[in-house]
Amino acid sequence: MTLDARSPARVFLSQQPWFASLDGGMRQTLIDAILMQRAGRGELLIRRGTPVDAWWAVLSGMAKLQTEGPDGRVSAFLGVPAGDWFGEGTVLNGGLWRYDVVALRDTTLLGLPLPHFQTLYRTSLPFNHYLIQRLNLRLGQAMTAIEAGRLRSPEERVAQYLTMFCGSGVRKITLSQEDLGHLAGLSRQTTNRVLKAFEANGWISLEFSRVDVLQPEALETLLSNRG
């Protein structure tokens, strides 16, 4: 793939903290090898059970990772905003994807092909440091998702997922009440009620399908004070 120097994909890759440590030839090799995948809102980006072929990041839009239980019930466990990589553990282990990746809105993924990922993993110390950070982040998010499932109040569930996004450096979240409710395991009506209450408190603002988190510390206090 030939990418203009100003293309979003090339800019995104060049901004990765491990990219500058590579020699010029490897940097160009990675730029030329970039994979791109696009899907509209609600469409499948990666199907569970397909072979792992790349390490993926959300270049634009937002995706959710979800699984389906034996009873056919779909459970979303993580939302991935633009600028975020996902699936580090799966890519390291190889084999098949263990979950579906679905576009929450029009979304473009950028992929680093598996052979190039493996080369970096074998040869680049900064890349390995970054992977360790990502794995630790995902472990924390997985524990957050488990905890969210145990929380009793809708307010705590919504706050948990909003603070999860803030933990990824995102404050302005373009996500419908329905999608946020799906992640939190709540109905659209309940999610809307909670968001309106948070807005009345001045913790967030709502405009169209965007949630601006104004006071993340208030959400964190809500979670830390739960009985």
Side-chain angles (χ1 to χ4, degrees), residues 1-65 78-141 165-175:
M1 174 182 292
T2 301
L3 296 175
D4 182 89
R6 296 166 296 178
S7 74
R10 183 165 185 161
V11 170
F12 174 82
L13 196 60
S14 67
Q15 291 175 340
Q16 299 306 298
W18 43 267
F19 190 78
S21 67
L22 305 176
D23 63 54
M26 176 57 76
R27 291 198 296 268
Q28 188 60 49
T29 295
L30 295 183
I31 289 171
D32 292 341
I34 285 175
L35 303 175
M36 304 288 285
Q37 190 166 338
R38 297 177 177 86
R41 174 182 169 83
E43 295 179 347
L44 197 63
L45 285 157
I46 300 175
R47 185 180 300 277
R48 179 172 60 91
T50 58
V52 173
D53 62 347
W55 183 38
W56 293 98
V58 178
L59 183 62
S60 65
M62 182 176 286
K64 63 179 175 180
L65 313 185
L78 185 65
V80 186
D84 207 358
W85 297 89
F86 63 87
E88 294 81 17
T90 302
V91 178
L92 282 169
N93 293 328
L96 307 176
W97 287 100
R98 299 188 294 272
Y99 45 79
D100 292 323
V101 181
V102 179
L104 279 171
R105 52 193 174 94
D106 292 352
T107 297
T108 300
L109 298 185
L110 173 151
L112 188 63
L114 186 58
H116 297 82
F117 175 92
Q118 292 171 334
T119 296
L120 290 175
Y121 182 62
R122 292 193 304 268
T123 62
S124 171
L125 189 59
F127 184 77
N128 276 268
H129 286 165
Y130 184 73
L131 279 182
I132 291 172
Q133 293 174 357
R134 300 295 308 169
L135 290 168
N136 287 337
L137 172 65
R138 287 293 178 239
L139 177 60
Q141 289 178 332
F165 283 119
C166 289
S168 298
V170 177
R171 292 294 180 87
K172 297 182 179 180
I173 305 165
T174 304
L175 192 65

(request) Please round to the nearest 0.5 Å and tell me the distance separating atom CG of Leu30 and atom CG of Leu13. (result) 6.0 Å
(message) Are the side chains of Asp84 and Arg134 in contact, using a 4.5 Å heavy-atom criterion?
(response) yes
(request) For Val91 and Trp97, work out which heavy atoms get closest and say how close. (result) CG2-CH2, 4.2 Å
(message) To the closest 0.5 Å, what do you measure between CD (Gln118) and CH2 (Trp55)?
(response) 13.5 Å
(request) Tell me, please, which residues at least two apart from Arg41 pass side-chain hydrogen bond (donor to acceptor under 3.5 Å, both in side chains). (result) Asp179
(request) Just jot down the side-chain hydrogen bond (donor to acceptor under 3.5 Å, both in side chains) partners of Ser124, sequence neighbours excluded, or say none. (result) none
(request) Taking side chain to side chain contact (heavy atoms under 4.5 Å, CB included) as the test, write out the residues that go with Gln133, two or more places apart. (result) Tyr130
(message) I need the minimum non-hydrogen distance between Met26 and Leu22, along with the two atoms involved.
(response) CG-CD1, 3.8 Å
(request) Taking the side chain as every heavy atom from C-beta outward, state whether Val101 and Trp56 have any atom pair closer than 4.5 Å. (result) no
(request) Could you tell me the separation between the OH atom of Tyr99 and the NZ atom of Lys64, rounded to the nearest 0.5 Å? (result) 15.0 Å
(request) Write down the atom of Arg27, the atom of Ala20, and the distance for their closest heavy-atom approach. (result) NH1-O, 3.6 Å
(message) Tell me the closest heavy-atom pair linking Ala103 and Leu45, and the distance in Å.
(response) N-CD1, 3.9 Å
(message) If you compare all heavy atoms of Ser60 against all heavy atoms of Ala82, which two are closest, and at what distance to 0.1 Å?
(response) CA-CB, 4.0 Å
(message) Just so I know, are the side chains of Leu59 and Leu109 near enough to count as touching, which here means a heavy-atom distance under 4.5 Å?
(response) no
(request) Compare every heavy atom of Ala9 with every heavy atom of Ile34, then report the nearest pair and how far apart it is. (result) CD1-O, 4.1 Å
(request) Using a 4.5 Å cut-off on heavy atoms from C-beta on, say whether the side chain of Tyr121 contacts that of Asn128. (result) yes
(message) Just to verify, what does Gln28 make a side-chain hydrogen bond (donor to acceptor under 3.5 Å, both in side chains) with, not counting sequence neighbours?
(response) Asp32
(request) Return yes if some donor-acceptor pair links the side-chain N/O of Thr107 with the main-chain N/O of Arg105 below 3.5 Å, else return no. (result) yes
(message) For Arg38, give me all partners under salt bridge (charged side-chain N to carboxylate O under 4.0 Å, His left out), at least two apart in sequence or on another chain.
(response) none
(request) Could you grab the distance from atom CG of Leu65 to atom CZ of Arg98, nearest 0.5 Å is fine? (result) 11.0 Å
(request) Please work out which of the three classes, parallel, tilted or perpendicular, describes the rings of Phe127 and Trp18, given edges at 30° and 60°. (result) perpendicular
(message) Return the OG to CG distance between Ser7 and Leu110, rounded to the nearest 0.5 Å.
(response) 9.0 Å
(request) Answer whether the closest heavy-atom distance between the side chains of Leu120 and Leu131 falls below 4.5 Å. (result) no
(request) Report yes if some heavy atom in the side chain of Thr119 is under 4.5 Å from a heavy atom in the side chain of Thr29; otherwise report no. (result) no
(message) Rounded to the nearest 0.5 Å, what separates atom CD in Gln37 from atom CG in Leu35?
(response) 8.5 Å
(message) Can you list everything that forms a side-chain hydrogen bond (donor to acceptor under 3.5 Å, both in side chains) with Trp85? Sequence neighbours excluded, please.
(response) Gln16
(message) A side-chain contact here means heavy atoms from C-beta on lying under 4.5 Å apart; do Ile46 and Phe86 qualify?
(response) yes
